[in-house]
Trainee: 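The structure is given below, and queries will be raised subsequently.
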Number of protein chains: 2
Amino acid sequence: MVTLKQLAKELNVSISTVSKALNNSVEIGEETVKRVKELAELYNYKPNKVALSLKQNKTKTIGVIIPDILNHFLAKVLFGIEREATKYGYNIITCISNESLEKEKDGLQLLANGSVDGFILSVAQETQIKNEIEHFKRTISQGLPIVMFDRVAHDVLCDKVIVDDFDATYNATLGLIAEKRKHIAFISTIDSLSVGKLRARGYNKALIENGNYEPYVLSIKKKDDSQKKILSFLKKNPQIDGVISADSSSGIIALNTAIKLGRKVPKDISVIGYASKSDSYHTIPKLTTIRQHAKEIGASAAQMLINRLQNKTTQEDVKTIIVKTSVIKSKSTL
Amino acid sequence: MVTLKQLAKELNVSISTVSKALNNSVEIGEETVKRVKELAELYNYKPNKVALSLKQNKTKTIGVIIPDILNHFLAKVLFGIEREATKYGYNIITCISNESLEKEKDGLQLLANGSVDGFILSVAQETQIKNEIEHFKRTISQGLPIVMFDRVAHDVLCDKVIVDDFDATYNATLGLIAEKRKHIAFISTIDSLSVGKLRARGYNKALIENGNYEPYVLSIKKKDDSQKKILSFLKKNPQIDGVISADSSSGIIALNTAIKLGRKVPKDISVIGYASKSDSYHTIPKLTTIRQHAKEIGASAAQMLINRLQNKTTQEDVKTIIVKTSVIKSKSTL
DNA sequence: ATGAAAGCGCTAACAC
DNA sequence: GTGTTAGCGCTTTCAT
């Protein structure tokens, strides 16, 4: 990489003259500016980012800590973050916590040494289970702002972007009730997550408010074979005529299993799941889905962080944005 | 963030003493080392990464340019890269090219200013179509090594990690031939990619070598409704008794569609696809899949780059690693 | 055993 | 209009 020093030497001027010329300072003569710019162009000069960061004490880089990059929703949020950040000239350093508290702490620690200007993160499963929040507080008190999304730690004072998880399943369940479904089941692989709990509550609330509904809840663990679990669940409860799935796969499996069992969809049974657009093609008929607008969530989170970094918000004035879900009606419901 | 300067002031010693003490230099007295370390601990001192980078002229950061983070295979490779890099103390800056040549160039350009020590990337679709490689060559000649994976530019001299795409579909097709399938179809949504072409060739070669096989090829464009396309394809060619899918979704859709049409799987028709483990649960019976070992690909790529950065390889000695696919036999084949 | 000083690449306040 | 200098945080060589 060519430096200001080298350009200066070759042009027989001082380093600061070159610097000023390139930054269009009015102090420098027209002729000099021209000469400098031409040589810089020739050598494809680019200011050294590291030197700038050191000088200006900011890196224009955002640390993103994500529990699981293979989760389609989280990947999509990351996509949204990246796109928005790029717009504003920010880069993204990604750490994957793998749902582990330890790795989450490490990531935070490792980047809180001048590598990034702030963080966007979604809380790891283990962190939520153990309810640890000290590491977040410490990072914030070091002067590095955090924006949390989706899985947030409510007791940490920072900007947040969340999904209306409760309303989503509540409304979806009401939808099935409106279809005159009498035996509506709830299937989830994410019991232990904050958002999983909220989704379960939404379902329960809808049933209770409409009286006379028996809950049918299937909880699937990571080690389980979800196909088998769902198959025996639907066999054991043949009266089920509606399914709400809280995660990105069990809705698809439930629909395919119902078909396998000879049920007509949506005549005999309706299914609503959390699948992405592409995954909603994995069932025939296509799955009616709850969309979380992951890209928008990512974009909002990036927006909030960048705003804060540019001091457009004051220290204490934290915000929580709630992104509404939409139900995309397809052929698996009436 | 606390600095050496602040520690030095508080301890009434010089900056260099503090630095040496923290780096366990033998020059410094035992007692002083102890005092320094205690204070550093107390203030949670961490050396400023940016200053180190500037001083040492390396960032311990890898730039990763990925065409599409929502592609499960690419996301998994990224996961592998991140994990391996973290092991060696490297961070990952991610750019998403979105399959666009322009964004790929920008990403390369933007990070080639001291932000990263080298790149790992998979070539964008547009770049492959236009066959542009100048930007890669320029980056390498600037002294920043590149490791390409999966979709590579063969004319660029650099380390590469590729998949045996040709063999994968060749062998998969042979497998169906061994099952006495007579009318084997090939379905792909990735015609324009280098890897898509290789996969098509593997299929064709297997058919040709075994004589008397008519090819049935369905090519799906991005704007198409793949369910409809596949449905009409299978209806129009009811003699099809085997399907090889070249991408991550059409195998699943083909299997579900065959079931829908009343075909028995695998009795009447076998299907092999490229789905991930979790997606292979989206069909009943579960899909037999070609696994690409994405995490290993990512890990290998990271290994190669880090080796090169640590000068364990000489300038001109570039390597190409071929990662073998495996067929994970499930219930959609005999 | 400790400290002073140079230098990584850059900007900017301050000479001249 | 151009140059000198200091300084961002750190390591390291060279005094003392």
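A, B, ... follow the sequence lines: proteins, then strands. Residue 1 opens every chain. Please read all numbers here as calculations on a predicted model, not as lab measurements.
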Trainee: Can you name the salt bridge (charged side-chain N to carboxylate O under 4.0 Å, His left out) partners of B/Glu102, sequence neighbours left out?
Mentor: none
Trainee: Answer with base, sugar-phosphate or nothing: what part of the nucleic acid does B/Val50 contact at a heavy-atom distance below 4.0 Å?
Mentor: nothing
Trainee: Please determine whether a side-chain nitrogen of the Lys or Arg among A/Glu126 and A/Lys130 lies less than 4.0 Å from a carboxylate oxygen of the Asp or Glu.
Mentor: yes
Trainee: Tell me the bend of the helix from C/dA1-D/dT16 to C/dC16-D/dG1 as the angle between end helix axes, each from five pairs, rounded to the nearest 10 degrees.
Mentor: 60°
Trainee: Which residues satisfy the side chain to side chain donor-acceptor pair (under 3.5 Å) test with B/Asn71, sequence neighbours excluded?
Mentor: none
Trainee: B/Thr59: what forms a side chain to side chain donor-acceptor pair (under 3.5 Å) with it, not counting sequence neighbours?
Mentor: B/Asp117
Trainee: Quick check on side-chain hydrogen bond (donor to acceptor under 3.5 Å, both in side chains): which of A/Arg151, A/Glu99, A/Glu104 does A/Thr127 satisfy it with?
Mentor: A/Glu104
Trainee: Taking all heavy atoms of A/Ile96 and all of A/Lys103, pick out the closest pair and write down the distance.
Mentor: O-NZ, 3.1 Å
Trainee: Count the heavy atoms belonging to other residues, nucleotides or ligands that lie under 6.0 Å from CD1 of B/Ile322, then report whether that count exceeds 12.
Mentor: no
Trainee: Which residues pass the side chain to side chain donor-acceptor pair (under 3.5 Å) test with B/Asp106, sequence neighbours left out?
Mentor: none
Trainee: Taking only nitrogen or oxygen atoms into account, show me every contact under 3.5 Å that the protein makes with nucleotides 7-10 of chain C, one pair per line with its distance.
Mentor:
unit_1	atom_1	unit_2	atom_2	d
C/dG7	N2	B/Lys55	NZ	2.5
C/dG7	N3	B/Lys55	NZ	3.3
C/dC8	OP2	A/Lys5	NZ	3.4
C/dC10	OP1	A/Tyr45	OH	2.6
C/dC10	OP1	A/Asn48	N	3.1
C/dC10	OP2	A/Leu4	N	2.7

Trainee: Distance-only criterion, 3.5 Å: show the donor-acceptor pairs between side-chain atoms of residues 295-305 of chain B and protein atoms not counting sequence neighbours.
Mentor:
unit_1	atom_1	unit_2	atom_2	d
B/Ser300	OG	B/Glu296	O	3.0
B/Gln303	NE2	B/Glu84	OE2	2.7

Trainee: Looking only at the side chains, is there a donor atom on one of B/Ser192 and B/Gln125 sitting less than 3.5 Å from an acceptor on the other?
Mentor: yes
Trainee: Give me each pair satisfying salt bridge (Lys or Arg N to Asp or Glu O under 4.0 Å) with a member in residues 49-75 of chain A, each pair once, sequence neighbours excluded.
Mentor: none
Trainee: Along DNA chain D, 5' to 3', what are the outermost nucleotides having an atom less than 4.0 Å from a heavy atom of chain B?
Mentor: D/dC8 to D/dC14
Trainee: Give every residue pair that meets the salt bridge (Lys or Arg N to Asp or Glu O under 4.0 Å) criterion with at least one member in residues 13-32 of chain A, sequence neighbours excluded.
Mentor: A/Lys20-A/Glu27
Trainee: With A/Leu39, which residues qualify under side chain to side chain contact (heavy atoms under 4.5 Å, CB included), at least two apart?
Mentor: A/Leu7, A/Glu10, A/Leu11, A/Leu42, A/Tyr43
Trainee: Rounded to the Å, how far apart are B/Asn24 CG and C/dA1 P?
Mentor: 15 Å
Trainee: Give me the distances for all protein-to-nucleotides 13-16 of chain C N/O pairs that come in under 3.5 Å?
Mentor:
unit_1	atom_1	unit_2	atom_2	d
C/dA13	N6	A/Lys20	NZ	3.2

Trainee: Using a 4.0 Å heavy-atom cut-off, does A/Ser53 contact any base of the nucleic acid, only the sugar-phosphate backbone, or nothing at all?
Mentor: nothing
